[in-house]
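Working notes, beginning with the structure itself.
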Amino acid sequence: MTLLLILFCVFSAVALMVVLGQRFGKPMAVEQQQKYSKILWLVVFIAIIAAIIRQML
C-alpha cells in the first residue's frame with residue numbers, strides 16, 4: 001500500500017510539472033538550444049564515466 005501511495009505521488013507530481021510546463025513555459029531560442037546541446041554531451045559523458053568508475057570500486 002505504501003508503494004502505491006509513493007507511485008501515485010510521483011506520477012501526480014510529474015503530471016503537474018507537465019501541465020504547468022505546457023501552460024507557462026516559453027519556447028527556447030535556437031541559440032540557447034545549441035548551447036545546451038553542446039554542454040549536455042559533456043555532462044552525459046562525465047556521468048557515464050563516473051558511474052563506470054564507481055562500479056569498479
Side-chain angles (χ1 to χ4, degrees):
M1 186 64 185
T2 304
L3 178 62
L4 292 176
L5 182 63
I6 292 170
L7 286 174
F8 175 75
C9 290
V10 168
F11 286 123
S12 298
V14 170
L16 182 66
M17 287 189 304
V18 168
V19 169
L20 292 176
Q22 288 177 350
R23 183 167 296 168
F24 298 111
K26 60 179 182 176
M28 193 180 296
V30 175
E31 295 84 18
Q32 193 174 14
Q33 286 179 355
Q34 290 174 346
K35 182 180 78 169
Y36 285 148
S37 69
K38 291 177 186 175
I39 295 171
L40 188 63
W41 281 106
L42 180 62
V43 171
V44 169
F45 179 73
I46 291 172
I48 290 173
I49 297 299
I52 291 171
I53 291 172
R54 190 173 28 166
Q55 287 293 328
M56 294 175 96
L57 297 177

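In this chain, residues are counted from 1 in sequence order. All of these numbers come straight from a predicted model, not from anything done at the bench.
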- Nearest 0.5 Å, what's the CG-OG1 distance between Leu7 and Thr2? 11.0 Å
- Item | Rounded distance (nearest 0.5 Å) linking atom NZ of Lys38 with atom CG of Leu40 | 13.5 Å
Mind listing the side-chain donor-acceptor pairs of residues 9-35 below 3.5 Å, one per line with the distance, residues two or more places apart or on another chain?
from, atom 1, to, atom 2, distance (Å)
Ser12, OG, Phe8, O, 2.7
Gln32, NE2, Tyr36, OH, 3.3

- Task: Applying side chain to side chain contact (heavy atoms under 4.5 Å, CB included), name anything that partners Ile46, two or more places apart in sequence or on another chain.
- Result: Leu42
